[in-house]
Amino acid sequence: MSARGAAHVEVLAAGPLTTVQDRGRTGWRHVGVACAGALDLDAATLANRLVGNAPGDAVLEFTLSGPRLRFARPTRVALCGALVDAVFIAIGGRPSTIGHGRPVDLPPGELRIGRLRLGVRGWLAIAGGIDVPTCLGSRSTDLRGGFGGLDGRRLQAGDRLPLGPARVGGIRRPRAPAWWVEFDDPLPTEPCIRYVPDARPGAGALSGTRWQLDPRSNRQGLRLKGDALDSPGVETISAAVAPGTLQLPPDGKPIVLMADAQVTGGYPRLGHVAAVDMPRLAQLAPGQWLQWRAIDATQSQRLWALRRAQWHRLARLLDERLPPVPARATGIDLP
Amino acid sequence: MSPVPHVRVEALADDAWLLTLGDAIEPALLARVHARVDDLRATAPPGILDLVPAYASIGVFFDPLRVGAGEVRAWLQARLDSDALQRREGGGACIDVPVAYGGEFGPDLEDAARELGLDAETLALRHAAAEYTVAMIGFAPGFPYLAGLDPALALPRLATPRTRVPAGSVAIGGAQTGIYPRESPGGWRLLGRTPLALFEPGRASPALLQPGDRVRFRPIDADAFARLGEARA
């Protein structure tokens, strides 16, 4: 029997902010369409790879704590991003703990993803990918535009998410390999984020003091709390901005633009976050302290290239380790 | 031939450059920005993802897995140094945008007119008399910032922004005019509303207006608004 188009996952509880995300949109910024997409593309890609999906397949991104989901069929899932406790309850079975950073084969049942630790965002890949329709070339949810993902909005209890075709069957008990992957070091209590200052007076001032993440932060932008920087006070002529752009509003408290940010902005710019550190920013908890370190554009490019090289090594390693789909008895049974 | 004005090129992100062509909001500079975007679009190497024009600048976004930052920089410099400018045939399209001014469609029209020392009808007619250029699209998908507002019609933004501005609202904010594509918060002064859909993600061309397009507002009455709205639905 073909499973195409028929498999679903049911959302029993959504958590504070759970959305469908892939690698985001390109090609539409000139008409005001933001990128959206997973705030840590490497984590989302890793989760996809662990379940046998393509890198661009859609996953669930959850914030602070995860959703409760019900699977009607056997499936394979992987959790990546910040550490998280998850419990799986098979129909008529006992609860078992689901590990992080590894492929987990599940029989039909309920997956309860709890609170995230040492970070605030996690990604769940499900074999076959979340098969919502593409919109402007992507399945990512554009919350401000109200399109993409599932009806352009965050998930809520009662939603049914279609899954793409995947060959997963014959799973009677939750099963996972004994290894797991940690692509990133855990986020330190007070991380240092690298940025490339603009060639403007005062752009380097960011690195002088400690900052705290303002709770009024979201997927559009992270606000920083701390001693106000000298602001030119006036708005400049609006120009293109990007995820990672550091803006300085008149109150002197910088804002870092994130994936859902609007495409143009009129605040003076301080510079941009090194691409390699964007995923770390996405893990900052409200109130958490952070520092900034200025580097130059060449260093930033090199860090990114290094990370790509690490990724390729990891991907090769995974190709040797990953259990084939459908899963065989290569893994260990979970308690 | 006039000398090529200096263009500043700086990193906007690890995967984007920002070209700054000037530091003013004025028609000649805006025309140069849009001509430059046409040229870049026509000559872009593979891996260029987005070209984002604004009043005086262009954001150039690329995929660093397909093309290096240095390679993109070299292409930009070569185009800026070249005398040849590839231009789009006939410039931007001219789009007619029907607008019902005042009343429930434009709750700020009366107050705005009073502030400007005009009556409401004169303000509406003068707003509709100009030909505008879509300088850039930002704030929200499909939100056009229109250049060409009669300077005598410039109005400060509301001290407290509205939490809900209806979709299609035509508004003045400072020296600019624009159209809200979707219900959203907003602080501009609402003069009227168009029944046209400015942005529909499911359409082949999702945005009604493109940067560089010209726009004319055509006053319509409430009946025409209802008729056009129904035709759309």
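Nothing here was measured: the structure is a model prediction, and the numbers come from that model. A note on names: the letters A, B, ... follow the listed sequences, proteins ahead of strands, and every chain is numbered from 1.
- A donor-acceptor pair under 3.5 Å is absent between the side-chain atoms of A:Arg29 and the main chain of B:Gly59, judged by distance alone.
- The two residues B:Ala54 and A:Ala240 make their nearest non-hydrogen contact at CB-N, 4.5 Å.
- Considering only heavy atoms from C-beta on, A:Leu136 comes within 4.5 Å of B:Pro206 through its side chain.
- Distance alone, capped at 3.5 Å, is enough to place a donor-acceptor pair between the B:Arg182 side chain and the A:Arg144 backbone.
- In this structure, CH2 on A:Trp28 lies 7.5 Å from CZ on B:Phe199, to the nearest 0.5 angstrom.
- Looking at B:Ile48, neither its backbone nor its side chain comes within 4.5 Å of chain A, counting heavy atoms on both sides.
- In the displayed structure, A:Arg200 atom CZ is contacted under 6.0 Å by more than 12 heavy atoms of other residues, nucleotides or ligands.
- Residue B:Ile137 holds its CD1 atom at 13.5 Å from CD of A:Gln262, rounded to the nearest 0.5 Å.
- The two atoms that bring A:Ala239 and B:Ser57 nearest to each other are CB-OG, 3.2 Å, heavy atoms only.
- A distance of 10.5 Å separates NE2 of A:His272 from CD of B:Glu10, quoted to the nearest 0.5 Å.
- Closest approach of A:Ala242 and B:Phe61 over heavy atoms only: CB-CE2, 3.6 Å.
- Options A:Val33, A:Val196, A:Asp142 differ in how many heavy-atom pairs under 4.5 Å they form with chain B, and the most are formed by A:Val33.
- Counting only heavy atoms from C-beta outward, the side chains of A:Val31 and B:Gln210 approach each other to under 4.5 Å.
- Note that CH2 of A:Trp304 is 4.0 Å distant from CG of B:Leu65, once rounded to the nearest 0.5 Å.
- Between chain A and the options B:Pro64, B:Ala24, B:Pro53, heavy-atom pairs under 4.5 Å are most frequent for B:Pro64.
- Residue B:Arg8 touches chain A through its side chain alone, counting heavy-atom pairs closer than 4.5 Å.
- One N or O on the side chain of B:Asp14 and one on the backbone of A:Ala275 form a donor-acceptor pair closer than 3.5 Å.
- For B:Ile25, the parts lying under 4.5 angstrom from a heavy atom of chain A are both the backbone and the side chain.
- Atom CZ of A:Arg25 sits about 12.0 Å away from atom CG of B:Asp50, to the nearest 0.5 Å.
- The two residues B:Pro201 and A:Cys135 come nearest to each other via the heavy atoms CB-SG, 3.5 Å.
- Considering only heavy atoms from C-beta on, B:Leu18 comes within 4.5 Å of A:Arg269 through its side chain.
- For CZ of B:Arg164, the number of neighbouring non-hydrogen atoms (other residues, nucleotides, ligands) closer than 6.0 Å is 12 at most.
- Among all heavy-atom pairs drawn from B:Ala13 and A:Pro243, the shortest one is CB-O, 4.4 Å.
- Atom CG of B:Asp96 is surrounded by more than 12 heavy atoms from other residues, nucleotides or ligands within 6.0 Å.
- One finds the CD1 atom of A:Ile237 at 6.0 Å from the CG atom of B:Asp23 (value rounded to the nearest 0.5 Å).
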